[in-house]
K.L.:
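Supplied in structure tokens, the structure appears directly below.
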Amino acid sequence: MYSSGDCQYIWGRCLDLIKGRVPQQTFNTWFQPIRAISVSDNSIFLQVPNKFFYDWLDSHYKDTIQGSLREVTGNGMSARYTILLSEANNNIADQEESYLPGATQQKVEIRSAQTGMLERGTRINGNYVFENFVEGKSNQFAKAASIAVANSPGQTSFNPLVIYGGTGLGKTHLLQAIGNHALIQGYAEKIVYVSSDTFTLDFIAAIQKNKTTDFARYYRSVDMLLLDDIQFFQNKEQTQEQFFHIFNDLFQHKKQIVLTTDRPPMELRGLQERLLSRFQSSLTVDIQSPDLETRIAILNKKAISDGLDLPYEVIEYIAQNVKSNIRELEGLLIRLLAYSSLMKVDIDIVLARKVLRETGQVEKKSILSIEDIQRSVGVVYSVNLDSLVGKSRTKEVAEARMVAMYLAREYTNLSLKTIGIYFGGRDHSTVVHACKNIEKRCEKEEPFGLFINSVKEKIKNF
Ligand code: ADP
Ligand code: MG
């Protein structure tokens with residue numbers, strides 16, 4: 001029998017061996033983040049940050065890890081993996097499916113070293129906290145409402161709170177942040193996070209086992225119900241029926257309910273009228289796609305928290321090209337990391353371009369050069385190139401310059417810094433300011449928006 005101290009000792013020895021066998025960068029990237037959690041007679045349980053990480057380890061360093069274990073323990077001890085779970089939330093239920101959608105179920109075991117499996121709900125990810133959620137125009141209101149609810153579960157008029165937005169924009173993150181916050185602050189005890197899919201499967205299993213009463217009793221006993229992706233309830237009549245009763249019960253007892261969906265509640269087809277009318281009386285907040293500055297801020301934060309030293313221009317380049325979805329932004333960072341570790345090259349703009357191109361993420365921008373853009377804007381405004389890049393501040397020239405900068409950002413892959421250089425060596429913040437200014441005017445002044453659209457058409461045919 002091994003004790004918990006043995007686990008750290010064994011893994012520490014393995015790391016010592018591995019360190020001598022792989023390049024330093026590989027070690028830092030792929031081995032340092034691994035945590036040893038527990039050990040049994042024939043397995044050591046290792047915790048890794050995400051599924052991608054596990055896949056990478058499994059396909060590249062399986063033998064390295066296995067070999068070191070053999071040397072250290074002298075027996076056939078094998079490594080088994082778990083995906084990062086938060087220690088802070090032990091009393092939140094745990095369910096394995098949700099951490100490894102689809103693949104490699106038999107190889108990877110998800111379990112909490114401290115609590116073992118609980119039967120219902122899903123363990124909350126301790127990284128999904130408000131502090132890690134970068135705020136921008138696109139998500140400000142949703143975040144503020146979530147904080148309000150987390151601070152006073154069931155006590156605000158935001159019950160239920162419904163968060164909606166496209167995929168990968170942070171709904172699950174906010175939902176779990178509410179749970180984490182309320183739990184850590186002690187504002188609620190029994191907090192259940194569950195995706196609507198899991199809820200449905202759980203319900204079906206309960207029917208099969210004749211345990212629907214237990215099912216209902218469990219969900220009615222919670223202080224806070226965080227239900228993710230309720231669009232999956234569409235056309236599942238019986239589940240909706242159950243949920244309706246649970247909902248009413250929780251609501252009457254002033255228990256907080258937070259729901260997410262990928263579209264506005266009113267557009268959820270196949271949901272019972274009475275459920276919809278419940279949602280109607282609730283607070284609905286939306287999350288939009290993040291703007292460039294927010295995307296940059298998110299990548300920066302992610303890089304810092306992962307201990308990555310990324311050049312600013314790489315961050316900006318990724319943020320400019322991956323626009324709609326934060327999950328994709330993060331995926332790209334991991335890919336870059338994997339590439340640089342595998343090819344033993346630094347992460348720079350050249351690598352970023354290559355990876356983006358390979359993943360098909362680079363927007364098919366027209367083959368316009370910045371010179372084309374400057375020339376055509378010059379024609380539209382009757383301003384010559386010298387004035388456009390020069391110091392003139394007359395209204396006409398200043399507007400033409402801002403429009404040209406904005407279009408350069410839209411239609412080239414150049415960084416803001418480089419665009420600035422093309423405009424008489426201006427600073428990148430001037431370019432940011434110009435782009436914002438034009439975007440704002442397009443939003444506020446319809447004729448100006450139409451004018452910019454017509455310039456875009458002209459440029460494309462230039
Ligand atoms: P959704 O549930 O809307 O599909 P997620 O909540 O799963 O999206 O978010 C996808 C990824 O993007 C997660 O890793 C999440 O942490 C991250 N993310 C989303 N929004 C933000 C944000 N504003 N700041 C930092 N990370 C974010
Ligand atoms: Mg989600």
Side-chain angles (χ1 to χ4, degrees), residues 98 121-122 124 128 133 136-150 152-179 182 188 191-203 216 219-220 222-290 324-327:
S98 41
T122 304
I124 292 184
Y128 286 170
F133 190 84
K137 230 174 36 201
S138 54
N139 59 33
Q140 233 162 21
F141 188 41
K143 184 177 180 186
S146 301
I147 292 176
V149 157
S152 315
Q155 304 303 313
T156 65
S157 50
F158 314 154
N159 202 16
L161 173 66
V162 181
I163 303 171
Y164 83 86
T167 143
L169 295 183
K171 299 184 297 294
T172 299
H173 187 139
L174 268 186
L175 189 63
Q176 298 206 2
I178 294 173
I191 298 171
V192 168
Y193 164 84
V194 65
S195 83
S196 303
D197 246 0
T198 308
F199 183 91
T200 305
L201 290 176
D202 193 9
F203 178 57
Y219 283 103
R220 284 175 182 187
V222 306
D223 294 328
M224 188 185 250
L225 179 61
L226 308 169
L227 192 58
D228 212 354
D229 292 319
I230 54 165
Q231 69 274 9
F232 293 132
F233 275 169
Q234 291 183 103
N235 302 320
K236 299 192 176 110
E237 293 278 332
Q238 257 192 318
T239 312
Q240 288 183 34
E241 185 72 26
Q242 267 295 325
F243 176 64
F244 182 74
H245 294 300
I246 291 168
F247 181 103
N248 282 342
D249 211 57
L250 291 176
F251 183 76
Q252 273 161 16
H253 289 94
K254 286 196 174 309
K255 305 295 186 190
Q256 183 69 47
I257 304 158
V258 189
L259 312 165
T260 74
T261 143
D262 66 354
R263 64 208 78 171
M266 288 311 115
E267 286 174 22
L268 288 165
R269 308 252 167 274
L271 228 61
Q272 295 173 355
E273 275 305 317
R274 54 184 189 168
L275 261 185
L276 284 181
S277 75
R278 286 280 173 218
F279 300 158
Q280 227 158 9
S281 59
S282 70
L283 176 69
T284 302
V285 291
D286 68 331
I287 308 184
Q288 303 281 340
S289 293
S324 57
N325 187 321
I326 297 164
R327 192 173 295 125

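Please read all numbers here as calculations on a predicted model, not as lab measurements.
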K.L.:
To check you understand the geometry: which heavy-atom pair defines the closest contact between Lys171 and Gly165, and what is its length?
P.N.:
NZ-O, 2.9 Å
K.L.:
Would you check if there is a donor-acceptor pair between the side chains of Asn235 and Glu237 at a distance under 3.5 Å?
P.N.:
no
K.L.:
Testing the basics here: between Leu175 and Leu226, what is the closest heavy-atom pair and its distance to 0.1 Å?
P.N.:
O-CD1, 3.5 Å
K.L.:
Is a donor on one side and an acceptor on the other found under 3.5 Å between the side chain of Ser277 and the backbone of Arg274?
P.N.:
yes
K.L.:
Looking only at side-chain N and O atoms, does Asp228 offer a donor or acceptor that is under 3.5 Å from a partner on Thr260?
P.N.:
yes
K.L.:
Quick check: closest heavy atoms across Pro265 and Tyr164, and the distance to 0.1 Å?
P.N.:
CD-CD2, 4.1 Å
K.L.:
Should the ring pair His173 and Phe133 be called parallel, tilted or perpendicular, given that the plane angle runs from 0 to 90° and is split at 30 and 60?
P.N.:
perpendicular
K.L.:
Is it true that atom NE2 of His245 has more than 12 heavy atoms of other residues, nucleotides or ligands lying nearer than 6.0 Å?
P.N.:
yes
K.L.:
Answer yes or no: are there more than 12 heavy-atom neighbours, outside Phe244 itself, under 6.0 Å from its atom CZ?
P.N.:
yes
K.L.:
Tell me if a side-chain donor or acceptor on Ser195 pairs with a main-chain N or O of Thr198 at a distance below 3.5 Å.
P.N.:
yes
K.L.:
For a quick test of reading the model, state the closest non-hydrogen atom pair linking Phe141 to Leu283 and the distance between them.
P.N.:
CZ-CD1, 4.4 Å
K.L.:
Give the intermediate values and the outcome of side chain to side chain contact (heavy atoms under 4.5 Å, CB included) for residues Val285 and Phe158.
P.N.:
CA-CA 10 Å; Val285 291; Phe158 314 154; over 6 Å; no
K.L.:
Rounded to the nearest 0.5 Å, what's the gap from CG on Asp262 to OG1 on Thr167? Could you check?
P.N.:
8.0 Å
K.L.:
Quick check on Gln238: does its CD atom have over 12 non-hydrogen neighbours (other residues, nucleotides or ligands) under 6.0 Å away?
P.N.:
no
K.L.:
Kindly determine whether Ile163 and Ser146 satisfy side chain to side chain contact (heavy atoms under 4.5 Å, CB included), including the steps that lead there.
P.N.:
CA-CA 9 Å; Ile163 303 171; Ser146 301; 3.8 Å; yes
K.L.:
Measure across Ala216 and Gln242 and return the closest heavy-atom pair with its distance rounded to 0.1 Å.
P.N.:
CB-OE1, 4.0 Å
K.L.:
Using a 3.5 Å distance criterion without hydrogens, assess whether the side chain of Asn159 forms a donor-acceptor pair with backbone atoms of Lys255.
P.N.:
yes
K.L.:
Walk me through whether Val194 and Tyr219 qualify under side chain to side chain contact (heavy atoms under 4.5 Å, CB included).
P.N.:
CA-CA 11 Å; Val194 65; Tyr219 283 103; 4.0 Å; yes
K.L.:
Please say whether the positively charged group of Arg278, taken as NZ for Lys or CZ for Arg, lies over the ring of Phe247, i.e. under 6.0 angstrom from the six-membered ring centre and within 45 degrees of the axis.
P.N.:
no
K.L.:
Would you check, one step at a time, whether the test side chain to side chain contact (heavy atoms under 4.5 Å, CB included) holds for Gln231 with Leu271?
P.N.:
CA-CA 9 Å; Gln231 69 274 9; Leu271 228 61; over 6 Å; no
K.L.:
I need the Asn139 CG to Leu174 CG distance, nearest 0.5 Å.
P.N.:
7.0 Å
K.L.:
How close do Thr239 and Phe203 get, counting heavy atoms only, and between which atoms?
P.N.:
OG1-CD2, 3.7 Å
